[in-house]
Structure formats: C-alpha cells, structure tokens
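Contents: one structure, followed by commentary.
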Amino acid sequence: MPIPLSILDLAPITSGGTAGDALRNTIDLAQRAEEFGYHRYWLAEHHLTPGVASSAPAVLIGLVAAATGRIRVGSGAVQLGHQTPLSVVEQFGLIDALYPGRIDLGLGRSGQRRAEFLKAAKGAAATEPQQARIVDGLLIPAPFSFASLARSPLFALYASLLQQPGAESPDFAEQVDDIIALLSGTFRSADGIEAHVQPGGGAGVELWILGSSGGQSAQVAGERGLPFAANYHVSPASVLEAVEAYREAFKPSSALAEPYVVVSADAVVAADDDLARELASPYGLWVRSIRTGVGAIPFPSPREAAAHTWSDEDRVLVADRVDTQFVGSPQTVVEKLRVLQRVTRADELLVTTITHDHTDRVRSYELLAEAWARQGEVIVVTS
C-alpha cells in the first residue's frame, strides 16, 4: 500500500493573473485534490511577494475547509516568530470549531531563522564549501548560502513590518510548549494563573513542526513527540540531517508513539517527459527572483521563461532547487518520489506543484495521484 500523498500550496499568482485568480484556483485545486485522494492540503505563509497570495494561512485555511468536506487542511507553516502562541491557537481553534478533526497546525521558526541567516552571512567567507552527492539514488546538492539573501533590503524590511517596534522573537521551544498547553487546556502562567482559549483548539487540531535542518525545529519536534515535516523542496541539501536529527531526538508522547516524518518535494507531472519539462521551465526563473532577494515574481509562462538570458552566476544560484525538482511523466515522477521516500524513510510525501496554467497544475496532481495509487501496475497515460 503506497504511503499517503499530500499537497503544499503557495496560492501562486501567475503572470497576467491576479491574487483573486490565485485564491480561486487554490479553492478549486483543494476540491479536486479531495477527489483525487490526497490526504492533506497545506497552505504556506509568505509576505511581500508579488507572486504568492498565501500571506494569511489561517484565513485561507478557513476558506479551503469550507469548500471541502473530508481532506485535512492546515498550515505549512505558520511563521511563529511573528505571532504569539495565543493568537495562533485562537485562529486555529476558531477554524477547528467549525471543521473539527480536519485542521493541522504546522509551525515554523521565522524570527530566529532570520538572526541565524544574518550570523551566517558574516561568517560566510570562512565556511568550507560542500559538494553535491548522491545517496542511494537521491541527489543531495551542495548547500545554498543564504548570506546574500539575508543582506537584502527586503529581508530586513520583513522584520520591521511583521513585528512591533523593539519586539524580539521568543525562544521557539517555549512558544511550542505554550501552544501545546493552550491547545490541551493545561496552560498556567509563571504565577499559576490559568488561561483557557475560547474557542479552544480541541483534540482535532493536529500539531506539526516544519524544519529545514537538524537544528532546533527537528529537536523540538522529536523531544515533544510531534510529527515533523522536512523540506526537501526548500533545502534539499539538509533533508537527511533534518530527519535523522528528529528521529534521534524523538520521545513517545500522547500524540505519537513512534516518529512520523513528512518530506516535501517540488514536482511537475504531464503526459510525457517533454511536456512536463516545458511546463516546469519557468521554475528556475521564479526561484531566481526569490534567491536574489526581490521576492517571488508572478510565475512566468514557458514563453516568458524561454526569453530570459541566463548568466552562469544565475544558474549556480538556482541549481540546487532546479536539479531536485521532480519533472516528467507519471512513471518518471513516481520513481523519483519512491527514491525520496526510501532514502528519507518518509511516512508521507508533501508535493508542491506550480505551473503557469491552472489546468496544467490540476492535471499534474491528478496524474500523480493516479500513478501513485497504481504502483506496481503498468501505468498507461492518455492526454
């Protein structure tokens, strides 16, 4: 029996499209994903990016949950450094009150990560470069340095607009502990005062930690016995480090008796490899906009991408993301995902797909779901 497939959606805005188009497409895709048999539908959180409409995941989760009936809906992930534990639990408790048993609360570090990027930028010159390697058939590329991104003006602007003046992000582990207590109704202040959230999160909210390395996120998830999502699609160089650190730190809890790992991947599926490559061709240009610090641009069309003149420096800038995107026919992508699952020992895979045309994106997820469910059979695809 194949492991579950789930979806991570950024609500991408495409060139020539609007945010309204992107949001309507997200709701339509979620409804179709439920028909196709996907297990979860997660929404990302991004800010100040002209090509992404998922700036308020709790709002979008409520809209998606209202438009679907069974699929779990959640965040991938709430940037916890910009919010208090109470505000997060109130948002997700409110949604859970209407759609009990279907809501996932995925948490990610944000303010702390920004400080780490800045620190890494200062010491970047002293860092010994690492080489790409193949691990049992899976490409583990050389790490991308976030040094230049951390120094971009837009990166610095995030903090000033997302946080109150003078505010500092609390310790991630302390925030997670407060969220666990608020969800379970066991919160006590240092003075022993109880606080009960209304609407409460309830037993139906499933708490997750997302991480890109073997650092604090993996440690917190493991030590508290929470499920963990590792980002191969964002940081493929450190995915093995992340899942290994999580499993080593894992302690059984009331939520989980054993570790549970989801691993994300970028994928584009079409009837044949050539068509899939054409649909995926704008991806590198889109990643370049993120990596150069200007923010994700509206996702280009294949024609717009073909018109771009690439420098050697730009190709290096996006190589780790482009080389680890799974592109091709259903057979091709299923085999690549199976390698990812085998090497990471993932219990579930989280797929993110962006194409310029919404119909192509829906079809990609449909073809993948059909092929994934028929593993071991001869797969015949008709366009």
I need the full list of side chain to side chain donor-acceptor pair (under 3.5 Å) pairs touching residues 259-270, with sequence neighbours left out, sorted by first then second residue. His233-Ser264, Tyr260-Glu348, Asp266-Tyr283
Indicate whether the side chain of Arg338 and that of Gln375 have a donor and an acceptor atom separated by less than 3.5 Å. yes
The criterion is side-chain hydrogen bond (donor to acceptor under 3.5 Å, both in side chains); which residues satisfy it with Arg188, sequence neighbours excluded? Glu194
Has the side chain of Ser329 got a donor or acceptor atom that lies under 3.5 Å from a matching backbone atom of Asp272? no
Whether the Trp208 and Glu206 side chains hold a donor-acceptor pair (N or O, under 3.5 Å, no angle test) is what I'd like checked. yes
On the 0 to 90° scale, with breaks at 30° and 60°, tag the Tyr246-Phe228 ring pair as parallel, tilted or perpendicular. parallel
Walk me through whether Thr332 and Phe326 qualify under side chain to side chain contact (heavy atoms under 4.5 Å, CB included). CA-CA 8 Å; Thr332 298; Phe326 299 154; over 6 Å; no
What salt bridge (charged side-chain N to carboxylate O under 4.0 Å, His left out) pairs are there with at least one residue in residues 304-319, not counting sequence neighbours? Arg288-Asp314
Can you tell me if Asp9 and Trp42 form a side-chain donor-acceptor pair at under 3.5 Å? no
Measuring only between side-chain heavy atoms, which start at C-beta, is Ser213 closer than 4.5 Å to Glu241? yes
Can you confirm whether more than 12 heavy atoms, excluding those of Arg303, are under 6.0 Å from its CZ atom? no
Geometric cation-pi criterion Arg291 and Phe144, 6.0 Å radius, 45° cone: yes
Does Arg247 pair with Glu244 as a salt bridge, N-O distance under 4.0 Å? no
